[in-house]
Amino acid sequence: MTDADPPRSITVLSGGVGGARFLQGLLRLVGDEAEVTVVANTADDIWLHGLKVCPDLDTVMYTLGGGIDAVRGWGRTDESWHAKEELAAYGVEPSWFGLGDRDLATHLVRTQMLEAGYPLSAVTTALCERWRPGVRLLPMTDDRVETHIVVDDADEPSGRRAVHFQEYWVRLHAEVPAHAVVPVGLEASTPGPGVLEAITRADVVLLPPSNPVVSVGTILGVPGVREAVRTTRAPVVGLSPVVAGSHVRGMAAQLLAAIGVEVGAAAVAGHYGARSRGGVVDGWLVDTSDAGEVAQVTDAGIACRSVPLMMTDVDATAAMARAALDLAAQVRR
Ligand code: FO1
């Protein structure tokens, strides 16, 4: 943390695995010096076997609450899969989604509360009573939004069909071309309780190395959110999810291609755009392997530094968080 007045409130727009890993480092760095609010993507959510599954909310909650399976990066540690096996034995589809027995309890509690009339934000607060993630975890919206991906399908007259994001990622392993990303319900959604205030009242807003299309991009697509990020008094700093031309993990490369954005650290910064030119970021961190792209980012009106961005452990992510807050302090002046 720089000697300048350290931020008291930090808001992070996060997806799942990548965002959660970064948040571990941020919390290690700021400890209880700052309140961290996470606005999480909910368009990966899926209704499955009558249950509402919220992968990004749960990944942040489990990772910061100590329940995550660190190898998978999602779902619960010490997991078993008996319910999944039994469903498959009945021939119940989808059988491709990894529904763990411990994880199932979260979806049962969530679905019961939703059916009792509680909004997703209230459900998330209730679940966090148990996990105590050390952040305020806010769904980007309480409305139903689901990302669908348009892929090739020879059986369709149009030659294409839309599949739920989870089918694209989990069943198809993002190995087929994504022709379009369709965030169903996004335009009709409204920001969840506390979301806009968390952005406009923050001392710093961070865009972690989450998927810029289906995670951060979707959060920015909730009507009102992009405007709040563009106009907040807080400096906005992002960390590149692309390192040396690769997304490291996940499917950012495939989805950037679907929206016609090059898979590069500077290209993603350009996609977000400089706030001074109508975009959403003031600062951007690229990995040391992409130091050659710093000038391109700076030319786009975005302050840029190259630092190690591989999230190998919490020390590494804490160093990334420190670099992001230092850059935020620099651009604030
Ligand atoms: N990812 C997989 O690759 N395979 C799975 O079977 C799987 C199941 C799963 C269950 C609950 C959950 O919260 C996440 C799960 N994920 C699985 C990860 C999930 O698809 C991604 O983390 C996000 O949707 C993308 O960020």
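Ligands are counted one by one from 1 in listed order, and the atoms in each one are counted from 1 as well.
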message: Just verifying a value: how many Å separate D152 CG and S158 OG, rounded to the nearest 0.5 Å?
response: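 Answer rounded to 0.5 Å: 9.5 Å.
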query: So is Q166 polar-close to ligand 1, meaning N/O to N/O under 3.5 Å?
result: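 Right, the criterion is met.
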message: Polar contacts were defined as any N/O atom of the residue lying under 3.5 Å from an N/O atom of the ligand; does this apply to G98 and ligand 1?
response: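 N/O-N/O distance under 3.5 Å: yes.
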To the nearest 0.1 Å, how far is [atom] from its closest protein heavy atom, and which atom is that?
atom	value
atom 1 (N) of ligand 1	W74 NE1, 3.4 Å
atom 13 (O) of ligand 1	P55 CA, 3.2 Å
atom 3 (O) of ligand 1	W169 NE1, 3.8 Å
atom 22 (O) of ligand 1	V17 CG2, 4.1 Å

field: Criterion side-chain contact (heavy atoms from CB on, under 4.5 Å) against T37, the qualifying member of L137, V195, V205, L138
entry: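 That would be L138; it is the only one of L137, V195, V205, L138 passing the side-chain contact (heavy atoms from CB on, under 4.5 Å) with T37.
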Per-atom contacts of ligand 1 with [X], taking only distances under 4.0 Å to non-hydrogen atoms:
X	result
D103	11 (C)
F165	24 (O), 25 (C)
D44	23 (C), 24 (O), 25 (C), 26 (O)

task: Report the relative orientation of the aromatic rings in H164 and H148; use parallel for angles under 30°, tilted for 30 to 60°, perpendicular for over 60°.
output: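 H164 vs H148 ring planes: tilted.
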task: Would you kindly specify which portion of D56 sits under 4.0 Å from ligand 1, judged on non-hydrogen atoms: side chain, backbone, both or neither?
output: side chain
Charged N to carboxylate O under 4.0 angstrom, [X] versus [Y]?
X	Y	value
E167	R171	yes
R8	D203	no
R28	D315	yes

field: Pair D287, S240: side-chain N/O donor-acceptor within cut-off below 3.5 Å
entry: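 No pair is found: no donor N or O on one side chain lies under 3.5 Å from an acceptor on the other.
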